[in-house]
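Below: the structure, in structure tokens.
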Amino acid sequence: MTRELEIYIHIPFCVRKCAYCDFLSGPADQKTQEQYTDALIREIQAFPNAEQYVVCSVFIGGGTPSVLSQEAIGRILEVVRRKFHFVSEIDGDFGSVEITIECNPGTAGEEKLSYYRKIGINRLSLGLQSADNQELALLGRIHTWEAFLETYHAARRVGFTNINIDLMSGLPGQSVVSWERTLDQVLALEPEHISAYSLIIEEGTPFYTRYRKDEELRDQGEEPELLPSEEAERQMYARTEEKLLEHGMHRYEISNYAKPGFACRHNDGYWTGVWYAGFGLGASSLLNHTRYRNTEHMEEYLTAAPEQLVGYRETEALTQNDEMEEFMFLGLRRMAGVSESEFEKRFRRTIREVYGETPDSLIRHGLLARKGDRYFLTPEGMNLSNYVMSEFILTSSEQQQKHRTD
Ligand code: SF4
């Protein structure tokens, strides 16, 4: 029997490092990029038991995949196609597999974008973050709003009909008005999908050095100097939803909005527990109730022989508790929430047996709602999603016991 599989391919290269970014990515010379492409291809070719799966989506992410030459992307996708069966080969519609590539403005012109279309890439995810050039410069992005527009219009000209734009709010010096301007300018372009995240100040980044103190002030309920206040962030968050909904998009996950029929299938699969195979530096996979994580050391990755691939991977067998937690965390991020019957089918226990009074208590506090078979976050629950998720952690047997006897 075949099982659905999503494929993630990590391209860890960027033109230069943005000031807020802690992803596994950075600049690299041509030779490293070529060696990396070869190593990636070796890893894909060495994947065991590929015939047991049918691929429903491919996501080429990063980093900035569009930094690689178009031929390299073509080679990688070709190997994936030769190695795996795609859903569309079975249902006869080749176009039905969602194949996304992330792309940053200034790294792909019309020729490269047109090549992507030719090799079957049917979804483009553009990293914009802000329409304000001052904010972009502060973030350390390589592009301006005008450069983004060029890439966006070129993508439309070569036939992309499914485009996501990544945006980021809560930036230093950003006002609610400037965030609204970004939303208005982006919505005027009619993208099919928008991912709108809030800036997180990550340890080890230049932003951490610059803004950590400010963030601490805000966390203590005091007025920050450079970051938007808590109240301003709340307003940005609220305005995002209002504007995007007014514009005919629907929110299908805490940070993701789409026009009807354009929710990202790859992300949706991930949130609903579809197994995935990740290839590339630091990529993780979820297969057969086990999580695998590739080495984060470039040298190790580049020099490993295919038969050593397992050797440089960390492996973690997931317990049923891990899987139940993940089902709740990821499911509750989606507006559709989690299904009680799906939980029971998967784990042979009910949500109530495992979590006792927790869901009812969250409902009483207005953070969770229940409709028919499904539990989902209320708007207030979305604001406090970290707290709600923490209520579904099942770390110790005592805790599970507590829930069982509640
Ligand atoms: S382009 Fe994206 S992945 Fe690359 S450094 Fe900037 S934020 Fe990080």
Side-chain angles (χ1 to χ4, degrees), residues 8-30 32-33 36-37 40 59-69 72-73 76 100-109 112-113 116 123-152 155 163-174 182 186 191 193-211 227 255-256 264 266-267 270 278-284 293-294 296-298 301:
Y8 175 75
I9 296 167
H10 188 65
I11 310 293
F13 307 123
C14 291
V15 175
R16 69 161 189 249
K17 196 78 185 157
C18 300
Y20 59 94
C21 176
D22 77 334
F23 295 157
L24 189 55
S25 64
D29 57 31
Q30 197 61 33
T32 308
Q33 294 187 19
Y36 185 81
T37 305
L40 203 44
F59 196 102
I60 307 173
T64 307
S66 47
V67 155
L68 273 194
S69 70
I73 297 291
I76 294 163
T100 304
I101 190 163
E102 286 184 332
C103 172
N104 277 321
T107 57
K112 201 179 251 186
L113 292 166
Y116 290 163
R123 185 170 182 274
L124 196 67
S125 180
L126 291 173
L128 168 64
Q129 316 313 344
S130 166
D132 181 303
N133 284 340
Q134 258 182 324
E135 290 172 4
L136 289 172
L138 187 108
L139 290 170
R141 303 287 298 180
I142 56 163
H143 59 87
T144 56
W145 163 249
E146 291 72 25
F148 162 79
L149 283 179
E150 265 178 47
T151 308
Y152 184 85
I163 299 183
N164 167 57
I165 299 178
D166 281 341
L167 298 177
M168 197 181 270
S169 63
L171 311 182
Q174 188 179 46
T182 286
V186 165
H193 191 285
I194 290 180
S195 297
Y197 290 93
S198 304
L199 172 72
I200 297 175
I201 307 289
E202 302 283 5
E203 221 173 316
T205 63
F207 265 31
Y208 190 74
T209 319
R210 277 184 236 161
Y211 303 117
L227 293 172
S255 310
N256 284 279
C264 174
H266 185 85
N267 286 347
Y270 172 74
F279 299 103
L281 192 71
S284 61
R293 198 161 284 116
N294 282 359
E296 296 192 355
H297 299 288
M298 182 62 94
Y301 186 76

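Along the sequence shown, the residues carry numbers beginning at 1. As the structure lists them, so they are numbered: ligands from 1, and atoms in each ligand from 1. Just so we're clear, the structure is a prediction, and the values are computed from it rather than from any experiment.
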Checklist entry - Is C18 touching ligand 1 with its side chain, its backbone, both, or neither, if touching means heavy atoms under 4.0 Å apart? => result both

Only one of [options] clears side chain to side chain contact (heavy atoms under 4.5 Å, CB included) with [X]; which?
X    : options          : answer
P65  : I76, I60, N104   : I60
S130 : V186, T182, L167 : T182
F207 : L138, I200, D22  : L138

Checklist entry - Which ligand 1 atoms does S25 reach within 4.0 Å, using its non-hydrogen atoms? => result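 Every atom of ligand 1 under 4.0 Å from some heavy atom of S25: 3 (S), 4 (Fe), 5 (S), 8 (Fe).
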
Next on the checklist: Suppose I only count heavy atoms of F23 and a 4.0 Å limit; which atoms of ligand 1 are within that range?
Outcome noted: 3 (S)

[atom]: the protein heavy-atom neighbour that sits closest, reported with distance to 0.1 Å:
atom                    : result
atom 1 (S) of ligand 1  : N104 ND2, 3.2 Å
atom 2 (Fe) of ligand 1 : R141 NH1, 3.9 Å
atom 7 (S) of ligand 1  : Y20 OH, 3.3 Å
atom 8 (Fe) of ligand 1 : C21 SG, 2.3 Å

Checklist entry - If you measure from each heavy atom of G63 to ligand 1, is any distance below 4.0 Å? => result yes

Checklist entry - Mind checking whether atom 8 (Fe) of ligand 1 has an N, O or S of C14 under 2.8 Å? => result no

Checklist entry - Between F59 and H266, does the ring centre distance come in under 6.0 Å? => result yes

Item to check | Test side-chain hydrogen bond (donor to acceptor under 3.5 Å, both in side chains) applied to R141 and Y20, step by step | outcome: CA-CA 10 Å; R141 303 287 298 180; Y20 59 94; 3.0 Å; yes

Next on the checklist: Could you measure the distance from the CG atom of N256 to the OG atom of S195? Nearest 0.5 Å is fine.
Outcome noted: 4.0 Å

Item to check | Heavy-atom side-chain proximity of E146 to N133 below 4.5 angstrom | outcome: yes

